[in-house]
Every structure is written in C-alpha cells, then in structure tokens.
A.B. asks: 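Handing you this structure, nothing more for now.
For ligands, and for the atoms within them, numbers begin at 1 and follow the listed sequence. Below, each value reflects all heavy atoms present in this structure, side chains not excepted, and no hydrogens, waters or symmetry copies.
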Amino acid sequence: MRATMQDAQLTIPAIFRHGARVHSDSRVLTFDGEACREASFAEVAARVERLAAALRRLGVGEGDTVGTFMWNDQQHLEAYFAVPALGAVLHTLNLRLFPQQLAHVVNEAEDKVVVVGSTVLPLLARVAGEMKTVERYVVVEDGAPVEASIVGQLGAEVLDYEELLAAEPGGVEWPELDERAAAAMCYTSGTTGDPKGVVYSHRSTWLHAFAYNNAAPDLPLGDRDRALVVVPMFHVNAWGWPFVAWMHGSDMVMPSRFLQGEPLARLLASTRATVSAGVPTIWSEVLGYLREHPELDLSALRGLISGGAALPPKLVTGYDELGILVFQGWGMTETSPVCAVSVPPRGAARDDPSWRLATGRIVPGVEVRIIADDGSEAPWDGATTGEIEVRGPWITGGYHFDPAPEKFHDGWLRTGDIGSVDSRGFLRISDRLKDVIKSGGEWISSVELENGIMSHPDVAEATVIGVPDDKWGERPLAVVVRREGAEVTSEDLRRFLADRVARWWLPERWAFLDAVPKTSVGKFDKKVLRQRASAGELAVEAVRAEPS
Ligand code: AMP
C-alpha cells in the first residue's frame, strides 16, 4: 500500500490551538453600551481552558449537550471553544424563540447545563419549569444584576460563571476527538412550523471555516481585520465567523445586546472595524443612522456582508453613496451556512450590477443543482428557475431526531428556495417555495416585487405575500412601511412599479403599516403577515385594476 498523508483530525480544538498560539495578540472586544472591554486571544484561550475544566468538574463529558442563551460577547466565544473541545455539543439557543419553542428545543437537545446571560435570565426563568434535562445554569453577568426571585424560579442549581472560572487552577487535559463527532447544534428559526435541529460536526465546522476566506476573497477575515460580529451567535454560529476569525487572527468586536442602528454605526466607527456581517434589516437601520451622521469616520471599513434574506438593491446603492461596498451571501442553518457569496468575477468592475445584484457565486465545496417543475435538472442559463438543491461536506444530512425524508432528494438537500444559476455559477434567488405567488398558473417573484417597491425613495420597508383571489387563484398583497413623514400612496407605488416589473405582477392590494413584523433572526415575517391577512386584520386598500 502506498503511504499517503497523515490522518490529522479536522476539529474545533485544532482551530482553537492554532488561533491561541499563532494569533495570541489578536483581540476580542465586548461592548457594554459605553465602552469596549478588551482581551487578547491568549487571555481568552486561558479562560477557555478554565471553563472547560469547570464544565468537566460539573460532569459535562463527551456527547453531552451544553446550551448557551447569550448575546454576542466574549464569554459566548469562550463557550464556543470550551464545549466542543471537551467532546460535548454546543447548543446555541435563539434568544427570540417563543417560550414554548425554547422549552421544546432544550428538551429535545437534552441540554444538561445552560450558560445564560443575566440580562436574558428572566426569559429563560419563565419556562425553566418545563426544561426537563437541565441540571445547572451558569450565569454570566452581562449588564443586569441577578435577581434572587428569578434564580428561585429556575428550579436547578445556579452558578456564577466568573466564580467557576476563578476556582480553576488552569490547564485541562483535552480528549482525542473524532472529526465526525457532533460539535455544535442550532435550531432553524422556525418561520414555518416547529424549529428543527441541525447538528454540525467538528469536520464540517473546520472545513466551513477554512473555506470561508476563499469564498469571500474581497472581504476575508485576516489578522489585519477587525470584524464587528452583528449576526447573532445563535444564528448558524454567527455564520461561522467566530471560527473563521479565530483561525485567521481577525479581531472580533462583540456588540452584546446593542443591536440597533445607532450603536452599531457608532461601533463601526469607534472600533475602526474593517468588516461586518448581518441581515438586510439591520443594514437598513445602520444606513439610516449613517446618513444622518456623516461625521462618523468609516475609513477603515472595507465592506459589509449581507445574508439571510434578499438584499434590496436600494441598500446596495445607498451604501455605494457612502463609499461602502455591500456583498451578499446565501445559505441556511442546514448549510453551516455559506453556500454562495457575491464576488466580482474576472474582468468585472467592483460596481458591476451583473454580479453585485446576484445572490452569490457558488463556493468551492458546495454542489448546486436546480430542479425544474417537471423534476428535470434545469440548465445553468441564468433564466430557468426551479428549486435549489445542494450537497457538500458542510450541508446537513438530516435533522436531530427527524430524518425528514421530504427535505432530501437522492442525497441532496432540498433548500426550499427557488432560483436560477448562470453559466459562471452565479445564483439568483427569486423566492422561497412557500412564498411564491401563483397567479393564473404563472409565478410572480415576491423578491423582485419587494425590491421594486423598496427602491422607491419614500418606502422604508416592503414585503409581498400571496393572498387568495377568486379569479386568479392568488394575487400579491404589498405591505409597505412609508419612510417617516412620507405620504406616498398605493397609486403612486403602482405607477412607479409599472416600469420595473411585468404589468400583470402589479399588486391591486396594498396595506400600509408602521413596521413589518420580523422573525427571531430579524427577517420579514411573512407567516405572521399571512395569518393577519387571512384573519382580516390588515387594512387592505384595493386599487381597482385587472392584471393584464
Ligand atoms: P436561516 O436558516 O434562518 O438562515 O434561513 C435560510 C433561508 O434564508 C434561505 O433558505 C433563504 O430562503 C433565505 N436567504 C438566506 N440568504 C439569502 C439571500 N442572500 N437572498 C435571499 N434569501 C436568502
């Protein structure tokens, strides 16, 4: 037999050891509302060892699950490494889940210990009685005192994070881990039905982190970077950023609970962040603040990454006006998440709309195919649409306790997204399968309608859902939030849209709200809007017109 390469395991401890040794001077900054507390990677690494030793003393071992119910901060990062390095599974709990869903996911994942921030402890306490598997809560003081009455509601042992770490002398014996073992898990945000658990392995996490800079060559996370980690650490491991940044020595700025436009815009400037990532609704808020505060110096910023929902072209141009590039990425909880990132192809200018308005280019390591309505594989012609299916080493092969065969097709994950791919591998998402509007047998893309409406200067937010229609089966209902002080009408918007989309797409039904409801990860929540529309709770204006 020929000798081949060594069989080194691709594990999270391997990422941890590398960053701790090679990038010991890089920094983690945590914002407390006024200033940033700072620690070097070496200091964080020493605390990770203490946390791991403390968790082991509490009986956490290989295969156990440890939940985190925390904002983005240094302690959360410590758990990101300590838990998987012990061979246990890090379960990042979504802070915005409904109480019943929270109890459900904790029970299903069998969380044994939950590390929880003091500011969100009351949320957890409300359902602690229903959490059957939790033996201990470890509380991190992250900006609120720990109330004895709340502690009393938890019904399990409650320990203080810093006291636990202080009691450890340091040094821990790490177990040998198999790269295919479970390392972390995250539940889908459950916009339709109950959340489903996705379990990441050490190997998938390592490969995803390693591939990331290759996928985003225009915005890599390297040791000259400072990444403002806006995407929550409970949303697909903050899109893998903590692992990428640690692996490559990028500073991380953790905004904690200060996730509004103003503090984020100010943090970008005051920390001289070079890159940041978040969902479009956040970038829209930040843009509004930046426009009003031209004095903020963003000269260090190389660009922003937007993902999790379609990026409205209006945001791209809005940031262009400030000299800031926004790049788009596409993926999902099931895909770790990065599958495609919009990068300029050979010969294209950085501001060329042909790539900038695409959802992203397929990254190496991920295979994509488009399955048309008739079940055949669609050509990559940039026009034929169908359901996007993906496979690869960081794409899930099933759900926790739920093989969900309907979500897979011959080993490919059915993403539930509809789109096309062009000859250069640029993907364009036109809709979510559940959101497409079928009018008179033909599909209307809600994403394109939304982008068209949102490009009107008087529109702050817009989303489009399908509603039943006697004649056409379904028709679009546009839900719009006007910019403050604006008085734009449905007639104005229809006229404006007429140049941008096919005439038969033009919505006859319009509703104006103060805000579009958002999901637990900040996306427009169409499920809630559909429920409100069918319960007759939306004041719908009907424009008298026939689709033609
Ligand atoms: P989640 O698992 O919460 O991250 O949601 C994943 C879903 O978000 C995908 O299946 C898409 O429907 C949507 N999504 C993510 N990124 C984009 C994007 N760049 N454009 C359009 N939709 C996106």
A.B. asks: Are a donor atom and an acceptor atom from the side chains of Glu389 and His409 found within less than 3.5 Å of each other?
C.D. replies: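 Per modelled atom types, Glu389 and His409 side chains form a pair under 3.5 Å.
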A.B. asks: Do me a favour and list the nearest non-hydrogen protein atom to atom 6 (C) of ligand 1 with residue, atom name and distance?
C.D. replies: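 Checked against all protein heavy atoms, atom 6 (C) of ligand 1 sits closest to Met332 CB, 3.3 Å.
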A.B. asks: Please compare Ala310, Gly360, Gly307, Ala340 and report which has the shortest non-hydrogen distance to atom 20 (N) of ligand 1.
C.D. replies: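 Selected option, by shortest heavy-atom distance: Ala310.
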A.B. asks: Between Trp443 and Asp431, do the side chains contain a donor N or O and an acceptor N or O under 3.5 Å apart?
C.D. replies: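 Judged by distance alone, the side chains do not pair up.
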A.B. asks: To which protein heavy atom is atom 1 (P) of ligand 1 closest, and what is the distance rounded to 0.1 Å?
C.D. replies: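 Minimum-distance protein heavy atom for atom 1 (P) of ligand 1 reads Lys523 NZ, 3.4 Å.
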A.B. asks: As an exercise, identify every atom of ligand 1 less than 4.0 angstrom from a heavy atom of Arg432.
C.D. replies: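 Every atom of ligand 1 under 4.0 Å from some heavy atom of Arg432: 10 (O), 12 (O).
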A.B. asks: Counting each atom of ligand 1 from 1 as listed, which ones have a heavy atom of Gln328 under 4.0 Å away?
C.D. replies: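 Close to Gln328: 18 (C), 19 (N), 20 (N).
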A.B. asks: Has Gly416 got any heavy atom lying under 4.0 angstrom from an atom of ligand 1?
C.D. replies: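 Not so, Gly416 does not reach ligand 1.
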A.B. asks: Would you call Asp218 and Arg350 a salt bridge, using N to O less than 4.0 angstrom?
C.D. replies: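 Yes.
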A.B. asks: May I ask whether Thr188 places a heavy atom under 4.0 Å from ligand 1?
C.D. replies: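 It does not; every heavy atom stays at 4.0 Å or beyond.
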A.B. asks: Going by atom types only, do Thr317 and Asp320 share a side-chain donor-acceptor pair under 3.5 Å?
C.D. replies: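 No, no side-chain donor-acceptor pair sits under 3.5 Å.
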A.B. asks: Does the residue Leu311 have a heavy-atom contact with ligand 1, meaning some pair of atoms that are separated by less than 4.0 Å?
C.D. replies: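 Leu311: no contact with ligand 1 (<4.0 Å).
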A.B. asks: Cation-pi check for Phe496 against Arg500: NZ or CZ below 6.0 Å from the six-membered ring centre and within 45 degrees of the axis, yes or no?
C.D. replies: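 Geometry flag: set, cation within 6.0 Å and 45°.
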A.B. asks: Whether Arg361 engages the ring of Trp355 as a cation-pi pair (distance to the six-membered ring centre under 6.0 angstrom, angle to the ring normal within 45°) should be assessed.
C.D. replies: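 The answer is no, since Arg361 fails at least one limit relative to Trp355.
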A.B. asks: Among the heavy atoms of Pro337, does any lie under 4.0 Å from an atom of ligand 1?
C.D. replies: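 Pro337 does not count as a contact of ligand 1 under the 4.0 Å cut-off.
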A.B. asks: What atoms of ligand 1 come within less than 4.0 Å of a heavy atom belonging to Thr359?
C.D. replies: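 Per the distance check, 18 (C), 19 (N), 20 (N).
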A.B. asks: Is the shortest side-chain N to carboxylate O distance from Asp469 to Arg475 below 4.0 Å?
C.D. replies: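 Salt bridge between Asp469 and Arg475, a charged N being under 4.0 Å from a carboxylate O: no.
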A.B. asks: Do me a favour and list the nearest non-hydrogen protein atom to atom 2 (O) of ligand 1 with residue, atom name and distance?
C.D. replies: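 Residue, atom and distance for the closest contact: Thr333 OG1, 2.6 Å.
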A.B. asks: How close does the nearest protein non-hydrogen atom get to atom 13 (C) of ligand 1, and which residue and atom is it?
C.D. replies: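 Of every protein heavy atom, Gly308 O, 3.5 Å lies nearest to atom 13 (C) of ligand 1.
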A.B. asks: Under 4.0 Å between a side-chain nitrogen and a carboxylate oxygen: does that hold for Asp525 and Lys518?
C.D. replies: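 No, this pair does not count.
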A.B. asks: Report the nearest protein non-hydrogen atom to atom 4 (O) of ligand 1: residue, atom name, distance rounded to 0.1 Å.
C.D. replies: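 Protein heavy atom with the smallest distance to atom 4 (O) of ligand 1: His235 NE2, 3.0 Å.
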A.B. asks: Are a donor atom and an acceptor atom from the side chains of Thr133 and Asp111 found within less than 3.5 Å of each other?
C.D. replies: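 Their side chains do not contain a donor-acceptor pair, so the 3.5 Å distance test is not met.
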